[in-house]
Amino acid sequence: MPDITQSPWQTAALLIARLIFAAVFLMGVAFKFMDMGATAGYIAAAGFPFPLFLAWCAAILETLLVLACLTGAFLTPAALVGAVYVTFLGFAFHGPSHWAANQAEFGAFMSHFPFAAGLLFAAVHGPGRVLALNPGWPGRA
């Protein structure tokens, strides 16, 4: 892989993006840990089986995503998983079946796509060269 120099603004943008991703996932995981029962209830209301187990799985996944975003370690695979995860959440909890009852659900649904797009962009470009652990897929962080 050729040595590509990053300008200061590119370095800053990558770090800020990683912090934003981490903050969003951290807020989600914080709410889960504050009331895992409420999270399980929300999952059950969407019709999923084993809601408490799934709530814990989501909390663990989101914790791992926070760590990947903060450290840059395994950011490429983590960002790919995160993009699939937030797209799934959009459809499962705010998808078309919810729009008739509450039009605000459409906005919640749509908000997942820019986030997924940003995660895909992070997957392609990696964590950057500053403040990033770089283990990950061969040739890519």
inquiry  = So, taking the atom named CG in L15 and the one named CD in Q10, what distance separates them when rounded to the nearest 0.5 Å?
reply    =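 Here the rounded value is 12.0 Å.
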
Inset, instruction - Look up atom NE2 in H112 and atom CG in L89, then write down how far apart they are to the nearest 0.5 Å. - result: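 Answer rounded to 0.5 Å: 5.0 Å.
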
Could you check whether any side-chain heavy atom of [X] comes within less than 4.5 Å of a side-chain heavy atom of [Y], counting everything from C-beta outward?
X: L52; Y: M36; result: yes
X: F93; Y: F48; result: yes
X: L70; Y: L19; result: yes
X: F21; Y: V66; result: no

Fill in: Centroid separation F115 to Y85 less than 6.0 Å
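Centroid distance F115-Y85: not below 6.0 Å, so no.
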
Heavy-atom closest pair, residues [X] and [Y]:
X: H94; Y: F109; result: O-CB, 3.2 Å
X: G126; Y: L75; result: C-CD2, 3.7 Å
X: R18; Y: T71; result: NH2-C, 3.4 Å
X: T39; Y: A55; result: CG2-CB, 3.7 Å
X: A46; Y: A92; result: CB-O, 4.2 Å
X: F31; Y: M34; result: CD2-CE, 3.2 Å

When hydrophobic residues are tied together by side-chain contacts of less than 4.5 Å, even through go-betweens, does [X] share a cluster with [Y]?
X: L65; Y: M27; value: yes
X: Y42; Y: F53; value: yes
X: F74; Y: L67; value: no
X: F106; Y: F88; value: no
X: L64; Y: V86; value: no

- Task: State which residues pass side chain to side chain contact (heavy atoms under 4.5 Å, CB included) with A79; sequence neighbours excluded, sorted by chain then number.
- Result: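 A79: side chain to side chain contact (heavy atoms under 4.5 Å, CB included) contacts with L119, A122, A123.
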
By side chain to side chain contact (heavy atoms under 4.5 Å, CB included), V29 pairs with (sequence neighbours left out) L26, F33, A59, E62, T63

Heavy atoms of other groups near W56 CH2, more than 12 under 6.0 Å:
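12 or below, so no.
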
Q.
Counting only heavy atoms not in F50 (residues, nucleotides, ligands), do more than 12 fall under 6.0 Å from its CZ?
A. no

- Message: Could you go through I16 and I20, starting from their C-alpha distance and side-chain angles, then the distance that decides it, and tell me whether this counts as side-chain contact (heavy atoms from CB on, under 4.5 Å)?
- Response: CA-CA 6 Å; I16 292 167; I20 291 169; 3.8 Å; yes

